[in-house]
Novice: 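Here you go, one structure.
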Protein chains: 2
Amino acid sequence: MTAPQMPPEPPPAMPGDAGTSPFDHPCPIRDVLNRIGDQWSLLILQALTQGTLRFNALHRELGDISRQMLSRTLKKLEADGFVQRTLYPEVPPRVEYTLTALGHSFLPPLQALVEWADAHHLEICQSRRRMATPA
Amino acid sequence: MTAPQMPPEPPPAMPGDAGTSPFDHPCPIRDVLNRIGDQWSLLILQALTQGTLRFNALHRELGDISRQMLSRTLKKLEADGFVQRTLYPEVPPRVEYTLTALGHSFLPPLQALVEWADAHHLEICQSRRRMATPA
DNA sequence: CAGAATCCTGTGGGATACTG
DNA sequence: CAGTATCCCACAGGATTCTG
């Protein structure tokens with residue numbers, strides 16, 4: 001595969017275009033990367049590997065994430081079909097988030113990434129310090 | 001594996017600490033994600049799959065990226081040990097970028113991601129439109 | 001409990017111009 | 001050719017407050 005180029009001109013039609021959104025990104029790789037390339041998406045997906053989680057449970061699980069970003073990111077993930085949101089109309093409302101089939105299908109590549117990160121983190125840190133030698 | 005938590009307190013020592021950098025991120029997953037999670041790193045690495053490339057060749061390959069960002073990102077990738085930069089002190093200077101061993105070791109997970117993106121992009125776009133039904 | 005709204009900041013990243 | 005320097009803006013994302 002060659003590098004994913006970006007046609008500078010606006011694409012005539014999208015994969016499943018309907019003209020609704022401004023444009024679904026023409027390049028699949030870029031589109032997906034732009035989505036899950038943010039600070040939290042992958043972390044959230046990984047947290048949901050455990051199974052279904054409620055909003056605050058997720059919030060605790062990630063430790064440091066504003067409720068704002070958690071909410072936003074979950075919406076994007078839901079829109080893209082990675083996670084399913086289920087609202088139980090009870091007195092204190094309960095909302096559960098769980099991975100969809102698409103979400104689950106994403107786990108293997110994600111796992112590969114996580115494992116690589118674990119395996120090579122030290123090496124990266126070493127390289128980083130080596131390049132930063134002041135004198 | 002549970003979700004990668006962030007200890008709110010500053011870590012006492014890093015994987016290969018030397019006190020040089022402010023801190024190498026304590027969580028490997030987050031650290032790696034923060035690095036390659038930007039707009040260009042993965043694209044550049046993927047472009048270098050072809051083999052050695054010169055600066056402008058990379059620039060053309062990616063199509064739309066400012067020289068600024070290309071330069072910056074390459075430096076980060078070099079610092080982290082993903083790519084090797086070789087300068088040939090000729091009259092018009094020539095600089096070649098190529099993947100290091102570490103860089104190559106990263107290709108399988110990257111490939112997995114790319115293939116997943118290709119395979120499921122349509123599905124994502126469909127979900128996206130389905131959720132966006134105005135009426 | 002699960003968010004939406006509002007406000008504010010840091011910085012990722014583009015454009016342009018200059019240099020060796 | 002291969003950058004660096006400068007300027008500038010959009011937006012990711014945090015903090016806080018309000019609601020059903």
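Since the structure is predicted, the reported quantities are computational estimates derived from the model, not experimental observations. In what follows, chains are A, B, ... by sequence order, proteins preceding strands, each numbered from 1.
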Novice: Can you measure A:Ile44 atom CD1 to C:dA2 atom P for me and round it to whole angstrom units?
Specialist: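 Going from A:Ile44 (CD1) to C:dA2 (P), I get 14 Å.
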Novice: Rounded to the nearest 0.5 Å, how far apart are CZ of B:Phe55 and CZ of B:Arg67?
Specialist: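 Atom-to-atom, B:Phe55:CZ and B:Arg67:CZ are 5.0 Å apart.
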Novice: Any protein N or O atoms within reach of nucleotides 10-12 of chain C? Criterion: under 3.5 Å, listing atom names and distances.
Specialist:
none

Novice: Quick one: pull up CD1 in B:Ile36 and CG in B:Leu42 and give me the separation to the nearest 0.5 Å.
Specialist: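 The distance works out to 4.5 Å.
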Novice: Give a yes/no answer on whether the side chain of B:Tyr97 brings an N or O atom under 4.0 Å of OP1 or OP2 in D:dG3.
Specialist: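 Result: yes.
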Novice: Nearest whole Å is fine: how far is C:dG3 C1' from A:Arg94 CZ?
Specialist: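 The distance from CZ of A:Arg94 to C1' of C:dG3 comes to 16 Å, rounded to the nearest Å.
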Novice: Just so I know, are the side chains of B:Leu74 and B:Leu58 near enough to count as touching, which here means a heavy-atom distance under 4.5 Å?
Specialist: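 Result yes, sub-4.5 Å side-chain heavy-atom pair found.
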Novice: Rounded to the nearest angstrom, tell me the gap between atom CG in B:Leu53 and atom P in D:dC1.
Specialist: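 Computing the B:Leu53:CG to D:dC1:P distance gives 15 Å.
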Novice: Does a nitrogen or oxygen in the side chain of B:Lys75 sit under 4.0 Å from OP1 or OP2 of D:dG3?
Specialist: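 For D:dG3, OP1/OP2 do not have a side-chain N/O of B:Lys75 under 4.0 Å.
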Novice: For the helix from C:dC1-D:dG20 to C:dG20-D:dC1, how many degrees between its two end axes (five pairs per end), to the nearest 10°?
Specialist: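 Result, rounded to 10 degrees: 50°.
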Novice: Does a side-chain heavy-atom distance below 4.5 Å link A:Leu62 with A:Met69?
Specialist: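 A:Leu62 does not reach A:Met69 side chain to side chain.
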Novice: Could you go through residues 87-94 of chain B and list every donor-acceptor pair under 3.5 Å that involves a side-chain atom there, pairing it with any protein atom two or more places apart or in another chain?
Specialist:
from    : atom 1 : to      : atom 2 : distance (Å)
B:Tyr88 : OH     : B:Glu96 : OE1    : 3.3
B:Glu90 : OE1    : B:Arg94 : NE     : 3.4
B:Glu90 : OE2    : B:Arg94 : NH2    : 2.7
B:Arg94 : NH1    : B:Glu96 : OE2    : 3.1

Novice: Calculate the interatomic distance between A:Glu78 atom CD and C:dA2 atom P; express it in whole Å.
Specialist: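 Taking CD of A:Glu78 and P of C:dA2, I get 15 Å after rounding.
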Novice: Can you check whether A:Ser71 has a side-chain N or O nearer than 4.0 Å to OP1 or OP2 of C:dA2?
Specialist: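 So the side-chain polar atoms of A:Ser71 never come under 4.0 Å of the phosphate oxygens OP1 or OP2 of C:dA2.
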Novice: Is the backbone of A:Ile29 close enough, under 3.5 Å, to the side chain of B:His121 for a donor and an acceptor to pair up by distance?
Specialist: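 No; zero donor-acceptor contacts below 3.5 Å.
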Novice: Could you tell me whether the side chain of B:Thr52 reaches within less than 4.5 Å of the side chain of B:Thr86, counting heavy atoms only?
Specialist: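 Sidechains of B:Thr52 and B:Thr86: no contact.
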Novice: How many Å lie between CD on A:Glu96 and P on C:dA2, as a whole number?
Specialist: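 Value for this atom pair: 9 Å.
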Novice: Return the polar atom pairs (N/O with N/O) between nucleotides 16-20 of chain D and the protein under 3.5 Å, or none.
Specialist:
none

Novice: Any idea which of C:dA2, D:dT4, D:dC1 is nearest the B:Asn56 side chain?
Specialist: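 Output: D:dC1.
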Novice: Side-chain contact test, heavy atoms from C-beta onward, threshold under 4.5 Å: evaluate it for A:Val32 versus B:Asp118 and give yes or no.
Specialist: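 No - every pair of side-chain heavy atoms lies 4.5 Å or more apart.
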Novice: Rounded to whole angstroms, how far apart are CG on B:Leu43 and C1' on C:dG13?
Specialist: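 Checked: the CG to C1' distance equals 14 Å.
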Novice: What's the separation between atom CD in B:Glu61 and atom CG in B:Leu70, rounded to the nearest 0.5 Å?
Specialist: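 Here the interatomic distance stands at 11.5 Å.
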Novice: Which nucleotide in the list D:dG14, C:dG3, D:dT4 gets nearest to the side chain of A:Trp40?
Specialist: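 Side chain of A:Trp40 sits closest to D:dG14.
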Novice: Could you check how far CG of A:Leu87 sits from C1' of C:dG3, rounded to whole Å?
Specialist: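 After rounding, the reported distance stands at 11 Å.
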Novice: Which whole-number value in Å describes the distance from A:Leu70 CG to C:dA2 C1'?
Specialist: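 Computing the A:Leu70:CG to C:dA2:C1' distance gives 10 Å.
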Novice: Could you tell me the separation between the CD atom of A:Gln46 and the CG atom of A:Leu113, rounded to the nearest 0.5 Å?
Specialist: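 Answer rounded to 0.5 Å: 10.0 Å.
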Novice: Which atom pairs, one a donor and one an acceptor, fall under 3.5 Å between side chains of residues 100-109 of chain A and the rest of the protein, sequence neighbours left out?
Specialist:
from     : atom 1 : to       : atom 2 : distance (Å)
A:Thr100 : OG1    : A:Gly81  : O      : 2.5
A:Thr100 : OG1    : A:Phe82  : O      : 3.0
A:Thr100 : OG1    : A:Leu102 : N      : 3.3
A:Thr100 : OG1    : A:Gly103 : N      : 3.0
A:His104 : ND1    : A:Thr100 : O      : 3.2
A:Ser105 : OG     : A:Leu102 : O      : 2.6
A:Ser105 : OG     : B:Trp116 : NE1    : 3.0

Novice: Which pairs pass salt bridge (Lys or Arg N to Asp or Glu O under 4.0 Å) with one or both residues in residues 37-53 of chain B, sequence neighbours excluded?
Specialist: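 For residues 37-53 of chain B: B:Asp38-B:Lys76.
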